[in-house]
K.L.:
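One structure is given below, represented as structure tokens, and several questions about it will come after.
Throughout, a chain's letter reflects where its sequence line sits, starting with A, and its residues are numbered from 1. Only heavy atoms go into these numbers, but all of them, side chains included; no hydrogens, no water, no symmetry mates.
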Amino acid sequence: MPELPEVEVVRRGLERHVLDATIVDAEVFTGRSIRRHLPGAPDFVDRVRDRTLTAARRRGKFLWLALDDDAALLAHLGMSGQLRVQPPGTPDELHLRIRFRLDDGRELRFVDQRTFGSMAVSAGGAILPSELAHIAPDPFEAGYDEDAVVDAMRRRRTNVKRALLDQSLISGVGNIYADEALWVARLHYARPTATLRRAEARRVLAAVREVMTAALAVGGTSFDALYVGVDGERGYFTRSLEAYDRAGEPCSRCGSPIRRDRFMNRSSFTCPRCQPRPRRPHW
DNA sequence: GCTTGCGCCTGAATGC
DNA sequence: TGCATTCAGGCGCAAG
């Protein structure tokens with residue numbers, strides 16, 4: 001379940017291992033994995049063949065490799081996607097979806113069990129692929145304007161967790177870091193955004209940056225050598241989580257058992273004492 | 001125009 | 001033991 005910190009780790013790995021490499025050929029094994037590349041697999045392969053990778057960039061959970069013709073090889077890892085750089089002769093992974101052969105014999109591989117992830121080639125999108133026009137800047141981008149996010153959030157007629165997960169408002173936050181940030185900020189997920197005081201909105205956005213920065217500091221040390229990837233088992237969320245997936249365990253602040261609710265068709269974890277459910281009406 | 005809900009997908013975990 | 005069901009999650013799009 002890669003969110004922004006995990007995707008950033010992958011981006012850094014790509015920057016380190018495949019920059020300046022040239023793709024000599026590609027194979028698409030699963031059409032669904034390039035469903036966002038509307039012209040289809042033969043076109044996808046044509047557009048990456050003989051292209052040199054000139055930069056590795058990211059916005060929120062999307063990342064892309066700039067190509068030397070100003071196009072971009074765009075990737076979203078979805079829930080289970082991995083990008084791996086493998087030496088020649090490495091056996092194919094069970095869920096290998098796309099293979100890129102590099103000019104030095106290594107392969108860049110897109111591996112994705114659940115196929116919620118995808119890749120595409122965006123023409124002329126080396127700086128910012130047009131597919132990402134509707135994705136808001138993430139909290140670590142130069143163009144991120146936290147005051148503007150505070151204002152936009154308070155104008156929404158929704159609740160604070162839904163707002164955090166809305167990639168058109170702020171990008172890179174998924175279910176896990178949303179719960180962690182809300183715990184740090186002591187806000188309940190169902191709190192209507194329209195009732196947030198400015199200071200509360202600022203508090204939760206600061207918490208988003210805080211939990212992601214901490215995760216990145218740990219995640220950045222978990223990957224090395226000849227592969228870059230998000231490993232579902234290890235390296236990911238080895239850092240201690242305060243709320244997410246801790247149902248029944250004591251809150252580290254007050255000792256109350258963490259509670260799990262079904263919310264928005266997904267799990268939400270809160271401390272019932274530190275994050276009391278908003279009374280309504282709430283002004 | 002904005003908000004909400006669903007479908008996509010596979011393997012692990014759980015239930016009977 | 002074995003089969004069936006539930007769950008996990010982000011995104012895009014349709015419906016409200």
K.L.:
Please report the distance, rounded to the nearest Å, between CG in L4(A) and P in dG10(C).
P.N.:
13 Å
K.L.:
Give one of base, sugar-phosphate or nothing for G174(A), where a contact means two heavy atoms less than 4.0 Å apart.
P.N.:
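Sugar-phosphate only.
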K.L.:
Is there a side-chain contact between R202(A) and D147(A) in this structure, where contact means two heavy atoms from C-beta onward sitting under 4.5 Å apart?
P.N.:
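The answer is yes; the side chains approach within 4.5 Å.
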K.L.:
How many Å lie between NE2 on H134(A) and P on dC11(C), as a whole number?
P.N.:
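It works out to 8 Å between those atoms.
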K.L.:
On DNA chain B, which is the earliest and which the latest nucleotide, 5' to 3', with an atom closer than 4.0 Å to a heavy atom of chain A?
P.N.:
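Result: dT3(B) to dG11(B).
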K.L.:
D138(A) CG to dG10(C) P: how many Å, rounded?
P.N.:
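Distance check: D138(A) CG to dG10(C) P gives 16 Å.
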K.L.:
Within a strict 4.5 Å, meaning less than it, do heavy atoms of the H37(A) and L74(A) side chains meet?
P.N.:
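Of all side-chain heavy-atom pairs linking L74(A) with H37(A), none is under 4.5 Å.
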K.L.:
Show your working on salt bridge (Lys or Arg N to Asp or Glu O under 4.0 Å) between D69(A) and R47(A) and close with a plain yes or no.
P.N.:
CA-CA 9 Å; D69(A) 61 353; R47(A) 287 179 186 276; over 6 Å; no
K.L.:
Tell me yes or no: between the side chains of E93(A) and Q82(A), is some donor less than 3.5 Å from an acceptor?
P.N.:
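On atom types as modelled, these side chains do not qualify, holding no pair under 3.5 Å.
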K.L.:
At what angle, to 10 degrees, do the two end axes of the helix from dC2(B)-dG16(C) to dC16(B)-dG2(C) meet, given five pairs define each axis?
P.N.:
60°
K.L.:
I need the CZ-P distance between R35(A) and dG10(C), as an integer number of Å.
P.N.:
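To the nearest whole Å, that distance equals 14 Å.
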K.L.:
On DNA chain C, compare the nucleotides closest to F62(A) and R260(A); which residue's is nearer the 5' end?
P.N.:
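Nearest-nucleotide comparison on DNA chain C picks R260(A).
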K.L.:
Identify whether any heavy atom of S118(A) sits under 4.0 Å from a base atom; if not, whether one sits that close to sugar-phosphate; answer base, sugar-phosphate or nothing.
P.N.:
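Nothing, no heavy atom under 4.0 Å.
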K.L.:
Any side-chain heavy-atom pair from I23(A) and L73(A) closer than 4.5 angstrom?
P.N.:
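Yes. Closest side-chain heavy atoms under 4.5 Å.
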K.L.:
Counting C-beta onward and ignoring hydrogens, is there a side-chain heavy-atom pair between D179(A) and T270(A) closer than 4.5 Å?
P.N.:
no
K.L.:
Rounded to the Å, how far apart are N175(A) CG and dC7(C) C1'?
P.N.:
13 Å
K.L.:
Can you check whether Q167(A) has a side-chain N or O nearer than 4.0 Å to OP1 or OP2 of dC11(C)?
P.N.:
yes
K.L.:
Once you round it to whole Å, what is the distance between P of dG12(C) and NE2 of H76(A)?
P.N.:
7 Å
K.L.:
In this structure, would V184(A) and V173(A) fall into the same cluster of hydrophobic residues linked by side-chain contacts under 4.5 Å?
P.N.:
yes
K.L.:
If I take atom CG in residue L63(A) and atom C1' in nucleotide dG10(C), what distance separates them, rounded to the nearest angstrom?
P.N.:
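Computing the L63(A):CG to dG10(C):C1' distance gives 15 Å.
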K.L.:
Return the value, rounded to whole Å, for the distance between atom CZ of R32(A) and atom C1' of dC11(C).
P.N.:
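Rounded to the whole Å, the gap is 10 Å.
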K.L.:
Are T52(A) and T22(A) linked by a side-chain donor-acceptor pair shorter than 3.5 Å?
P.N.:
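Yes - a donor-acceptor pair under 3.5 Å links their side chains.
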K.L.:
Select base, sugar-phosphate, or nothing to describe what R266(A) touches, counting heavy atoms under 4.0 Å on all strands.
P.N.:
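The answer is base, as R266(A) lies within the cut-off (heavy atoms under 4.0 Å) of a base atom.
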K.L.:
Around atom CZ of R259(A), are there more than 12 heavy atoms from other residues, nucleotides or ligands closer than 6.0 Å?
P.N.:
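No, CZ of R259(A) has 12 or fewer neighbouring heavy atoms, counting only those of other groups under 6.0 Å.
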